[in-house]
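The structure appears right after this line, and notes come after that.
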Amino acid sequence: MHEYDEQRARMVENHLKARGIRDEAVLAAMRAVPREAFIAGELAEFAYEDAPLPIEAGQTISQPYIVAAMIVALELAPHHRVLEVGTGSGYAAAVMSRIADEVYTIERHAELAEAATRRLGTLGYANVHVRHGDGTLGWSEHAPYDAIAVAAGGPDVPQALIDQLAIGGRLVIPIGPTPRLQKLVRLTRTAADTYTRDDLGEVRFVPLVGVGGWAEAGAAEPPAVMPAPRTPSHPEVVAKLVREAAEPLADIETASIDALLDRIGDASVVLLGEATHGTSEFYRMRARITRELILRRGFTVVAVEADWPDAARVDHYVRHVPGPPAPWKAFTRFPTWMWRNREVEGFTHWLHAYNGQVENPERRVGFHGLDLYSLYTSLDAVLRYLDGVDPAAARVARARYGHLTPWQGDPAAYGRAVVTGKYRSCEAEVVAMLRDMLSRRLDYQQRDGDRFMDALQNARVVANAERYYRAMYYGSHESWNLRDEHMFETLQVLLAFRGPETKAVIWEHNSHVGNA
């Protein structure tokens, strides 16, 4: 619980105060209510991220910023009576109950209403009252209300809610012409028949379904996030946030990383992402963490953002496996500097020495590439493998892959030529080659499992790289997604090949780690 208390305090400082929430009563309430208690246990670690999270009945709990912003707009006071439309998990009602006298909240999903009632009762929020029903009709028995908060977007303000608002009271609701286009609006009732209206900005909420809202069909629209107002961050603010989040290390080689390993626990995949592909210090720290995972947690695979055949050269060295000769040199094109540097070299020598002490070859730590840029080096590797195990298949492969050879010096030029109609696509040939190798899997694996796996992955690289170099010229997101999917599929292949006890460390850019 202490850990959640710290996260809650950081959430208030970083996501609320730093973004303009100044009402001390609201900030105190947000500090007091345990958001982790209003979401599923498996999502508790994300409780204090500024994002909506899924709850029962296909609904969401709103992001902390929007909860705070709406409550600020209501201008609550200790003597106020509040109506909420859209109970959800009960979190916003709990927050408002720390400020106002009584909170009445209506939820149209019986499952959510029942769960919120139990949760609020267990947590001791005795001044929150939950009802299952149509929130657009309000709760007339307890009207008038000093404040009404509507946590769903409607086509207009329901008349029943306007009628139940006290003179001087405020009603905050998202409204818009469609279930997806909304503005957050605040109505203040100045007299029996007069109101003032304030527009508080564009938002995205789930549809308000009911007599005074959208028909049930509108509920199929997906929930989204309210964008917080963007304000420039001063350097001192950024520095403060970094200080709060960072864990200082006095020395890369000697600092204790026990707390990090404790957090990793028995995970089978650890993703060590980075934002810049750079800095000697980062490379050294990444190597240090990886060494500790190998020594203390039994990790046996290091998979990196590098081409498969290039990384295979390193793999052969570190696992003491004789590699087949080839006329090309590994890691000699962009991004050369990512791998041809002293920090990576030092790690590979350490891994070579470590594996030299592991008697069982199956337990030696491998070094593998996940990327797909190596169209022609992978093509060459497939041909060399087939030359040795199946010369007839090698002849077929040369005929099929021959359509790509005019472009071997510049694979991007192949993609441009196909897209502009100056050259036909070779997709059918490279896919057929991959299928042929898959169909011969049992025969080839019996001869040499490791070498076949290497050749099969190279054939997969050729097929995906051919698609990638074509897709990149359309200028769409398809090429990026194709590349990330290839990386993830390659990781799956590695984990399956090395066995169910395999543990892998991934070295990649944050964008690929996030997508994976």
Side-chain angles (χ1 to χ4, degrees), residues 42 45-46 247 249 252-253 255-274 282-308 310-321 338-339 343-344 346-372 445 449-454 456-457 460 484-516:
E42 65 269 21
E45 66 181 292
F46 307 111
E247 298 179 23
L249 297 169
I252 289 174
E253 295 301 326
S256 173
I257 60 171
D258 291 346
L260 174 63
L261 294 179
D262 288 343
R263 289 201 293 272
I264 289 171
D266 60 357
S268 59
V269 177
V270 172
L271 310 172
L272 300 180
E274 86 277 354
F282 175 83
Y283 274 49
R284 289 166 54 208
M285 192 70 234
R286 182 174 62 184
R288 164 84 195 287
I289 295 171
T290 303
R291 292 198 305 268
E292 296 292 337
L293 289 171
I294 292 169
L295 293 169
R296 298 165 60 180
R297 291 289 192 269
F299 279 66
T300 54
V301 166
V302 180
V304 306
E305 187 179 333
D307 290 331
W308 178 270
D310 297 73
R313 297 292 183 82
V314 177
D315 182 57
H316 294 150
Y317 169 67
V318 300
R319 288 199 296 134
H320 302 263
V321 175
M338 279 177 60
W339 308 116
E343 291 74 21
V344 174
F347 176 78
T348 58
H349 289 320
W350 177 88
L351 194 52
H352 175 83
Y354 170 83
N355 281 332
Q357 300 173 0
V358 179
E359 293 185 5
N360 183 358
E362 299 298 320
R363 294 302 302 164
R364 291 175 182 169
V365 181
F367 187 93
H368 306 282
L370 300 176
D371 224 330
L372 53 51
Q445 275 186 319
D450 265 341
R451 286 194 63 212
F452 171 71
M453 191 269 189
D454 179 73
L456 181 62
Q457 183 58 29
R460 187 176 283 110
D484 280 354
E485 288 166 7
H486 173 86
M487 292 184 189
F488 185 63
E489 290 167 0
T490 302
L491 174 61
Q492 290 178 304
V493 168
L494 282 169
L495 295 176
F497 182 76
R498 294 296 297 269
E501 302 301 317
T502 303
K503 293 185 174 183
V505 187
I506 313 300
W507 294 2
E508 286 202 355
H509 193 278
N510 287 338
S511 57
H512 305 305
V513 165
N515 290 349

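No experiment lies behind these values; they were computed from the predicted model shown. Any value given below was found using the heavy atoms of this structure, including those in side chains, with hydrogens, waters and symmetry copies removed.
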Worksheet item: Partners of Glu292 by side-chain contact (heavy atoms from CB on, under 4.5 Å), sequence neighbours excluded?
Response: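 Result, side-chain contact (heavy atoms from CB on, under 4.5 Å) vs Glu292: Ile257, Leu261, Arg288, Arg296.
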Fill in: Arg291: side chain to side chain donor-acceptor pair (under 3.5 Å) partners, not counting sequence neighbours
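Result, side chain to side chain donor-acceptor pair (under 3.5 Å) vs Arg291: Glu253.
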Any side-chain heavy atom of [X] within less than 4.5 Å of one from [Y]?
X: Leu271; Y: Glu508; answer: no
X: Thr300; Y: Glu362; answer: no
X: Met487; Y: Asp484; answer: yes
X: Val270; Y: Ile289; answer: no
X: Trp507; Y: Glu305; answer: no
X: Val365; Y: Asn355; answer: yes
X: Asp450; Y: Phe497; answer: yes
X: Val344; Y: Tyr283; answer: yes

Which atom of [X] lies closest to which atom of [Y], heavy atoms considered:
X: Leu249; Y: Ala255; answer: CD2-CB, 3.7 Å
X: Leu370; Y: His486; answer: O-CD2, 3.2 Å
X: Leu495; Y: Ala504; answer: CD2-CB, 4.0 Å
X: Ala311; Y: Gly369; answer: CB-N, 3.2 Å
X: Gly273; Y: Phe282; answer: O-CZ, 3.5 Å
X: His320; Y: Arg364; answer: CB-NH1, 3.9 Å

Practice prompt. Test side chain to side chain contact (heavy atoms under 4.5 Å, CB included) on Gln457 and Val493 and set out the steps.
Written response: CA-CA 8 Å; Gln457 183 58 29; Val493 168; 4.1 Å; yes
Item to complete: Just say parallel, tilted or perpendicular for the rings of Tyr354 and Trp350, cut-offs at 30° and 60°.
Response: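 Geometry flag for Trp350 against Tyr354: parallel rings.
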Item to complete: Describe, in one word, how the ring planes of Phe367 and Phe347 are oriented to each other, choosing from parallel (under 30°), tilted (30 to 60°) and perpendicular (over 60°).
Response: tilted
Worksheet item: What is the distance from atom CG of Leu491 to atom NE2 of His368, rounded to the nearest 0.5 Å?
Response: 10.5 Å
Worksheet item: Out of curiosity, Glu274 CD to Met285 CE, how far, rounded to the nearest 0.5 Å?
Response: 14.5 Å
Worksheet item: Looking only at atom types and distance, does a side-chain atom of His352 sit under 3.5 Å from a main-chain N or O of Thr348, one as donor and one as acceptor?
Response: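 No, because the side chain of His352 does not come within donor-acceptor range (under 3.5 Å) of the backbone of Thr348.
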Response to the item:
Paired with Ile506, the side chain to side chain contact (heavy atoms under 4.5 Å, CB included) test is passed by just one of Leu272, Val269, Val302, namely Val269
Item to complete: Take His349 and Tyr317 through the ring-ring contact (aromatic ring centres under 6.0 Å, His included) test and state the conclusion after the steps.
Response: CA-CA 9 Å; His349 289 320; Tyr317 169 67; 5.7 Å; yes
Fill in: Sole candidate of Asp454, Asp371, Thr490 that passes side-chain hydrogen bond (donor to acceptor under 3.5 Å, both in side chains) when paired with Trp308
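Single pass found, and it is Asp454.
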Discussion item. Looking at Glu359, I want to see if its CD is surrounded by more than 12 non-hydrogen atoms of other residues, nucleotides or ligands under 6.0 Å.
Written reply: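 No - once you tally the heavy atoms of other residues, nucleotides and ligands closer than 6.0 Å, there are 12 at most.
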Fill in: Where at least one partner belongs to residues 260-271, residue pairs that pass side chain to side chain donor-acceptor pair (under 3.5 Å), sequence neighbours excluded
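As it turns out, the side chain to side chain donor-acceptor pair (under 3.5 Å) pairs with a partner in residues 260-271, which skip direct neighbours, are Glu247-Arg263.
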